[in-house]
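Lettering of chains follows the sequences in order, A, B, ..., and the numbering in each one begins at 1. None of the values given here were measured: they were computed from a predicted structure.
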There are 2 protein chains.
Amino acid sequence: MVHYQEEQRLDRTFAALADPTRRGMLERVSAGSASIGELAAPFGITLTGARKHVRVLEEAELMSTEKVGRTRLCSLGPRRLDDLQEWIDGYRRTLAARLDRLDEFLKETKGEQRWQASRQRPC
Amino acid sequence: MVHYQEEQRLDRTFAALADPTRRGMLERVSAGSASIGELAAPFGITLTGARKHVRVLEEAELMSTEKVGRTRLCSLGPRRLDDLQEWIDGYRRTLAARLDRLDEFLKETKGEQRWQASRQRPC
DNA sequence: GCTATACTGAACCATATGGTTCACTATCAG
DNA sequence: CTGATAGTGAACCATATGGTTCAGTATAGC
């Protein structure tokens, strides 16, 4: 498939955001960069556990990190989530179109005495 | 946490969308309702496998199904993805704010001879 | 009534995920 | 130099995920 890479990117992004701990870490980091320890503490998980989450976020390019001294500084990555937004926009447009079709269908059938089981479904 | 249910809903939604097969099924169904068999075929998976994906989408309320005769009619669910959109909007606003702060920071420090290591980071 | 079709549920499998512990390295502070 | 601190990597564990097969049930069509 042509869009294979984009598909993969969507996979990684949606998956990264599917975990509440990771979303929490993004929120924490959006208030200012933090160390692994600072990210681990509020969730009561180990440094190792936190590091794993951070790596997932890095791979989705939602976070970027830099080792400074013995601590790792984690900050928000540059991603605007444009591709994800695009997918959602497409989906919502589809949904809107579907509702429009339903609307038309209801108008069309208004006044008919009975619902015909054999009638074409609107969606 | 107060927002526990919403958190869970976000979890389920992001997770449901993280799989390319499921996104494909949503796209297929957005063109008109389809049976389990019709959803399975393009991905070369079994009916059982397809049914599992459909169930995940149902639980995320992205798809709704109805058993008619011996086939199960799958159509788009009513969800507008509003909560997900809201989360993403918040994230993007944060990102924008972060870039603004960086911008100010760069203006502030313009003309200073040297980068001071001890200086407050912009983000 | 009989047969083909459409789906379902249980059992199973391999891999991924989210977490741990423990031993280790690297740096900071005195 | 020495001790405390911050993080890392490997090994491990339980559960979840994405898929299968196989034996059913229920309906459609003749």
Side-chain angles (χ1 to χ4, degrees), chain A residues 1 4 7-26 28-29 32-60 62-75 117-118 121, chain B residues 1 4 7-26 28-29 32-60 62-75 117-118 121:
Chain A
M1 194 188 286
Y4 182 59
E7 283 277 291
Q8 264 199 160
R9 188 178 172 87
L10 274 180
D11 289 359
R12 266 184 290 124
T13 310
F14 276 123
L17 296 176
D19 187 283
T21 304
R22 274 185 309 255
R23 287 198 306 275
M25 286 179 165
L26 275 184
R28 166 65 186 78
V29 151
S33 42
S35 67
I36 298 287
E38 286 166 338
L39 289 183
F43 301 101
I45 60 178
T46 58
L47 293 182
T48 310
R51 179 65 178 106
K52 285 192 185 181
H53 282 303
V54 167
R55 181 157 285 131
V56 171
L57 289 165
E58 280 182 278
E59 276 161 8
L62 292 166
M63 198 175 269
S64 68
T65 76
E66 180 196 4
K67 191 80 183 251
V68 35
R70 65 182 160 175
T71 86
R72 174 172 300 273
L73 246 282
C74 307
S75 25
S118 62
R121 294 175 152 268
Chain B
M1 192 187 288
Y4 182 60
E7 283 276 291
Q8 263 199 161
R9 187 179 171 86
L10 275 179
D11 288 359
R12 266 185 288 125
T13 310
F14 276 123
L17 295 176
D19 186 284
T21 302
R22 276 188 305 257
R23 288 198 305 275
M25 285 178 165
L26 275 184
R28 167 65 185 78
V29 151
S33 43
S35 67
I36 298 287
E38 286 166 339
L39 289 182
F43 301 102
I45 60 178
T46 59
L47 293 182
T48 311
R51 180 65 179 107
K52 285 193 184 180
H53 282 303
V54 167
R55 180 157 283 132
V56 172
L57 289 166
E58 280 184 277
E59 276 161 7
L62 292 167
M63 199 175 269
S64 68
T65 76
E66 178 196 4
K67 192 77 184 256
V68 35
R70 65 184 160 175
T71 86
R72 175 172 299 275
L73 247 282
C74 308
S75 24
S118 63
R121 292 175 155 268

S.K.: Could you check A/A15 against A/L47 and say which one's nearest nucleotide on DNA chain C is further toward the 5' end?
M.R.: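 Its nearest nucleotide being more 5', the pick is A/A15.
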
S.K.: Are the side chain of A/R28 and the backbone of A/L39 linked by a donor-acceptor contact shorter than 3.5 Å?
M.R.: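 Checking the backbone N and O of A/L39 against the side chain of A/R28, no donor-acceptor pair under 3.5 Å is found.
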
S.K.: Indicate whether OP1 or OP2 belonging to D/dA4 is found under 4.0 Å from a side-chain N or O atom of A/R70.
M.R.: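 No, outside the criterion.
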
S.K.: Calculate the interatomic distance between B/I45 atom CD1 and C/dA6 atom P; express it in whole Å.
M.R.: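 Going from B/I45 (CD1) to C/dA6 (P), I get 16 Å.
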
S.K.: Answer yes or no: is there a side-chain heavy-atom contact under 4.5 Å between B/R23 and A/F14?
M.R.: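 The answer is yes, as the side chains (C-beta and beyond) meet within the 4.5 Å cut-off.
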
S.K.: Could you tell me whether the side chain of A/T48 has a donor or acceptor atom within less than 3.5 Å of a complementary atom in the base of D/dG7?
M.R.: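 Flag unset: no donor-acceptor pair detected.
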
S.K.: Rounding to an integer number of Å, can you tell me how far A/L73 CG sits from D/dT8 C1'?
M.R.: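 After rounding, the gap between these two atoms is 17 Å.
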
S.K.: Kindly indicate whether the side chain of B/R22, heavy atoms from C-beta on, has any atom under 4.5 Å from the side chain of B/M63.
M.R.: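 A side-chain contact under 4.5 Å is absent here.
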
S.K.: Return no unless some side-chain N or O of A/R51 is found under 4.0 Å from OP1 or OP2 of D/dT8.
M.R.: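 Answer yes for this pair, as a side-chain N or O of A/R51 is under 4.0 Å from OP1 or OP2.
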
S.K.: Record whether the side chain of B/T46 comes under 3.5 Å of the base of D/dG19 through a donor-acceptor pair of N or O atoms.
M.R.: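 Per atom types, no contact qualifies.
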
S.K.: Tell me the interatomic distance from B/E59, atom CD, to D/dA16, atom C1', rounded to whole angstroms.
M.R.: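 These atoms are roughly 13 Å apart.
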
S.K.: Using side-chain heavy atoms (C-beta onward) and a distance below 4.5 Å, is A/L26 in contact with A/L17?
M.R.: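 Answer yes - side chains close enough.
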
S.K.: Roughly how many Å is it from CZ in B/R22 to C1' in D/dG19, rounded to a whole number?
M.R.: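 Atom-to-atom, B/R22 to D/dG19, this comes out as 12 Å.
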
S.K.: Tell me whether the side-chain N/O atoms of B/R72 come closer than 4.0 Å to OP1 or OP2 in C/dT8.
M.R.: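 So the side-chain polar atoms of B/R72 do come within 4.0 Å of the phosphate oxygens OP1 or OP2 of C/dT8, strictly under.
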
S.K.: Look at the side chain of A/R12 and the backbone N and O of A/E59, then say whether any donor-acceptor pair between them is shorter than 3.5 Å.
M.R.: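 Checking the backbone N and O of A/E59 against the side chain of A/R12, a donor-acceptor pair under 3.5 Å is found.
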
S.K.: Rounding to an integer number of Å, can you tell me how far B/Q8 CD sits from D/dA16 P?
M.R.: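 Checked: the CD to P distance equals 13 Å.
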
S.K.: When you measure from the side-chain N and O atoms of A/T21 to the phosphate of C/dG18, is any distance below 4.0 Å, counting only OP1 and OP2?
M.R.: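 No, because none of the side-chain N or O atoms of A/T21 sits under 4.0 Å from OP1 or OP2 of C/dG18.
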
S.K.: Please determine whether any donor N or O and acceptor N or O are separated by less than 3.5 Å between the side chain of A/K67 and the base of D/dG7.
M.R.: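 Answer is no: no donor-acceptor pair is held.
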
S.K.: Which of these nucleotides, C/dT20, D/dG18, C/dC7, is closest to any side-chain atom of B/K52?
M.R.: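 Among the listed nucleotides, the one closest to the side chain of B/K52 is D/dG18.
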
S.K.: B/L57 CG to D/dG18 P: how many Å, rounded?
M.R.: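 Checked: the CG to P distance equals 10 Å.
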
